[in-house]
Amino acid sequence: MGMTKRIVLLGAPGVGKGTQAKQLEDRFGWVHISTGDMLREAIRSGTELGKKASQYVEKGELVPDDLIIAMIEKQFQNGKCASGFILDGFPRTEVQAKKLDELLSRQGAPLDAVVSIEVPEEEIIRRLSQRLTCKEGHVFPEDSEHKPGDPCPTCGAPLSRRKDDAPETVRRRLEVYKQQTQSLIAYYRAQKILKPVDGVGSYETIFNRILEVLGIASGSV
Ligand code: AMP
């Protein structure tokens with residue numbers, strides 16, 4: 001029998017939220033909801049939302065709450081989330097967090113856990129300065145085996161550097177995280193669902209730490 005979990009992955013840019021969310025989705029079938037991936041897709045395909053969001057995303061600023069909340073509400077309307085979900089990159093402000101609480105309590109299905117992934121800032125800057133991604137959000141460090149334009153080893157789509165991974169934009173994104181998102185740690189600690197996890201190590205190690213705080217034995221499916 002599948003187990004249902006409703007999880008938020010919280011943490012600064014570059015701590016590995018997307019990578020861990022994908023692992024959780026593959027392993028348990030919970031839907032991975034990445035507002036960043038959704039916005040990049042909207043920008044690529046030139047939708048109205050994409051046109052409104054691009055100026056913010058490019059500068060590393062937050063997209064206005066009303067646009068993000070509308071996007072999230074749509075996700076929850078299609079029913080796919082009923083068997084569990086992992087939110088990655090949402091909520092990022094207290095307004096968003098309160099809206100999420102409201103939405104979930106209306107459905108009688110509150111969050112089970114908020115996993116806060118912790119990585120020192122120097123390590124984040126180092127990771128983002130060499131991050132290559134594809135449009136599916138798979139991540140590889142740029143090295144002798146992975147170069148921009150190469151096919152993604154996981155899905156074959158071309159790898160590239162994210163524009164907002166440029167050093168000045170990374171600095172801005174980290175500042176925005178501290179100013180607007182970090183307080184959510186205290187918000188969820190007060191709700192007694194905060195699970196801090198050390199985000200330094202291999203992705204398998206971190207995955208196991210996440211399973212542990214979720215109370216799932218790493219052998220079980
Ligand atoms: P991410 O891929 O999560 O790093 O998100 C990339 C960019 O998308 C962010 O720097 C913001 O500009 C925008 N974004 C993603 N999620 C949100 C959100 N929940 N609220 C506001 N802006 C967001």
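Indexing begins at 1, ligand by ligand and atom by atom, following the structure's order.
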- Note on the structure: atom 7 (C) of ligand 1 has as its nearest protein heavy atom V57 CG1, 4.0 Å
- Just need the protein heavy atom nearest to atom 9 (C) of ligand 1, so name the residue and atom and give the distance. R92 NH2, 3.8 Å
- Message: Counting non-hydrogen protein atoms only, what is the nearest one to atom 16 (N) of ligand 1? Give residue, atom name and distance.
- Response: T35 OG1, 2.8 Å
- Message: Regarding ligand 1, does G89 bring an N or O atom to under 3.5 Å of one of the ligand's N or O atoms?
- Response: yes
- Item | Backbone or side-chain N or O of D88 under 3.5 Å from ligand 1 N or O | no
- Item | Protein contact of atom 22 (N) of ligand 1 - nearest heavy atom, named by residue and atom, plus distance | V63 N, 3.0 Å
- Message: Please determine whether the number of non-hydrogen atoms from other residues, nucleotides or ligands lying under 6.0 Å from atom NZ of K147 exceeds 12.
- Response: yes
- Do the non-hydrogen side-chain atoms of I206 and Q20 ever get within less than 4.5 Å of each other? yes
- Item | T169 and D164 side chains, donor-acceptor separation under 3.5 Å | no
- Transitively linked via ILVMFWY side-chain contacts under 4.5 Å: F207 with I7? yes
- Which segment of I68 sits under 4.0 Å of ligand 1 when only heavy atoms are counted: side chain
- Query: What is the closest protein heavy atom to atom 11 (C) of ligand 1, and at what distance does it sit?
  - Reply: E61 O, 3.5 Å
- Query: When you measure from atom 14 (N) of ligand 1 to every protein heavy atom, which one gives the shortest distance, and what is it?
  - Reply: L39 CD1, 3.4 Å
- Task: Check the hydrophobic clustering (I, L, V, M, F, W, Y; side-chain heavy atoms under 4.5 Å; chains of links allowed) and say if V119 and V115 are grouped together.
- Result: yes
- Closest candidate by heavy atom, reference atom 10 (O) of ligand 1, pool K59, Q180, E58, R173: R173
- Message: Taking atom CD as the centre, does E212 end up with more than 12 heavy-atom neighbours from other residues, nucleotides or ligands that are less than 6.0 angstrom away?
- Response: no
- Message: Would R162 count as a contact residue for ligand 1, given that I'm defining contact as a non-hydrogen atom of the residue lying under 4.0 Å from a ligand atom?
- Response: yes
- Of all the heavy-atom pairs spanning V31 and K80, show the shortest one and how long it is. CG2-O, 3.3 Å
- Nearest-neighbour protein heavy atom for atom 20 (N) of ligand 1, which is reported as residue plus atom name and distance: Q96 NE2, 3.0 Å
- In terms of side-chain heavy atoms, does Q191 have a donor or acceptor partner in D101 at a distance below 3.5 Å? yes
- Do the side chains of T35 and I72 get nearer than 4.5 Å, heavy atoms only? yes
- Taking the non-hydrogen atoms of K17, is any one of them nearer than 4.0 angstrom to ligand 1? no
